[in-house]
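One structure is given here, and the rest of the page talks about it.
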Amino acid sequence: MLIVMKHSATQGEVDRVVETIREMGYDARPIPGRQRTAVGLIGNDGRVESGRIEGLSGVLEVIAVTQPYKQVSREWKEEPTIVELPNGARIGGNELVVMAGPCAVESEDQIMEIAGLLRASGATVLRGGAFKPRTSPYSFDGLGEEGLRLLARAREATGMAVVTEALEPESVELVADHADMIQIGARNMQNYPLLRKAGRSGRPILLKRGLSATIDELLLAAEYLLAEGNDQVILCERGVRSFDNHTRNLLDLTAIPVVKALSHLPIIADPSHGTGVRAKVTPMARAAVAAGADGLMVEVHPDPERALSDGAQSLYPQEFDELMAQIRMIARAIGREVAPGFEELSASAP
Ligand code: PEP
Ligand code: MN
């Protein structure tokens, strides 16, 4: 349930609404907006006596939130959420943010080389797994803490923000100490203890859609993060299981406009895991931008043939550079821009 306050409501009136909700045994969350403040009622068991709240001064209207997810929904918050990273990258506004990097951090040379190339092409967020979820227990599963340190070094050298995956609740704090944003991978989308811990980490979260999760399940997983008080959440469409085997997954581009209508959270697309095939990554990245994605996550490796994971879907740096040029044009065609990279910013400095 959402209590919308009048434009003229005073802080005292908002406080009175919050107090009343708490007296009734529910939790209250004030949501300041550009036009007016709203107060969300959490823990609604369907038996809330709304009349008591409707009668309070300063209250404009009481809205029932009909979706099973509450704080994630557009009903709860009309304005789009913008997630801000410490290097100034803003995801969810008019500008598209591109996150790129290897599937896994493999060595200092590898991550430093690719970070420099990606920065030059205009990416502002560096991705790279230090803890890797692998389908086979015998596959390379990441450098662990050393991988996190290398990512932090690449951030220092380039100014890019860093996003990397936390696989289990126990490693959330460690990942939060090194990264600017914590990735929750597809296999963990419904790992509720992990979601709760990540929600309390104080870091923005990149939540990837589960391999066979519905859009409602994705939004409910995000609700766990917001329920812990963290609204800095980006959703990621990364492909779902399908019956066709020409691609590894089916990149569900419809999820982008569907999520945009249902939720205020930003959504980006990952055409790398979404297709699993290098030659399909660029076309689907272009399509995702055209569909309204707030950004992309793309795997790029300095030497994909020798990559320790996901080489077959990793772009060559040159291909990534060309992709960036193409999406700049596509973004413009739909009234958006790709966020300027560091090189462009320094070139335009007085
Ligand atoms: C990844 O981003 O490297 C990854 C493992 O992605 P997903 O969880 O979408 O498979
Ligand atoms: Mn990967």
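Counting starts at 1 for both ligands and their atoms, in listed order.
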Any salt bridge between D310 and R248, counting N to O under 4.0 Å? yes
What closest approach, in Å, do L296 and A288 show between heavy atoms, and which atom pair accounts for it? CD2-CB, 4.0 Å
Which residue owns the protein heavy atom closest to atom 1 (C) of ligand 1, what's the atom, and how far is it? H273 CE1, 3.2 Å
Please examine the side chains of R22 and D27, heavy atoms only from C-beta on, and report whether any two atoms are closer than 4.5 Å. yes
I'd like to know if the side chain of R278 pairs up with that of Q313 as donor and acceptor (distance under 3.5 Å, no hydrogens or angles considered). no
Under 4.0 Å between a side-chain nitrogen and a carboxylate oxygen: does that hold for R16 and E19? yes
Are any of the side-chain nitrogens in R90 or E95 under 4.0 Å away from the carboxylate oxygens of its partner? no
Members sharing F243's hydrophobic cluster, built from side-chain contacts under 4.5 Å between Ile, Leu, Val, Met, Phe, Trp and Tyr, are none
Heteroatom proximity flag, M297 to ligand 1, N/O under 3.5 Å: no
Taking both backbone and side-chain atoms of R187, is any N or O found less than 3.5 Å from an N or O belonging to ligand 1? yes
Protein contact of atom 2 (O) of ligand 1 - nearest heavy atom, named by residue and atom, plus distance: R127 NH1, 2.7 Å
I need the nearest protein heavy-atom contact for atom 6 (O) of ligand 1: residue, atom name and distance, please. K208 NZ, 2.9 Å
Within a radius of less than 6.0 Å around NZ of K280, do more than 12 heavy atoms belonging to other residues, nucleotides or ligands occur? no
For atom 8 (O) of ligand 1, what's the nearest protein heavy-atom neighbour? Residue, atom name and distance, please. A186 N, 2.7 Å
Considering the heavy atoms of G185, write down every atom of ligand 1 situated less than 4.0 Å from one of them. 8 (O)
State, to 0.1 Å, how close E299 and R127 come at their nearest heavy-atom pair, and which atoms those are. OE2-NH2, 3.4 Å
Return yes if some donor-acceptor pair links the side-chain N/O of E337 with the main-chain N/O of N94 below 3.5 Å, else return no. no
Ligand 1 to E299, heavy atom cutoff 4.0 Å, flagged ligand atoms 3 (O)
The one among Q313, R238, K132, M189 that brings a heavy atom closest to atom 7 (P) of ligand 1: R238
Between Q183 and ligand 1, does any nitrogen or oxygen pair lie at a separation below 3.5 Å? yes
Can you check the number of protein N/O/S atoms within less than 2.8 Å of the Mn ion (ligand 2)? 4
Lys/Arg-Asp/Glu bridge criterion (N-O < 4.0 Å) met for R52, E49: no
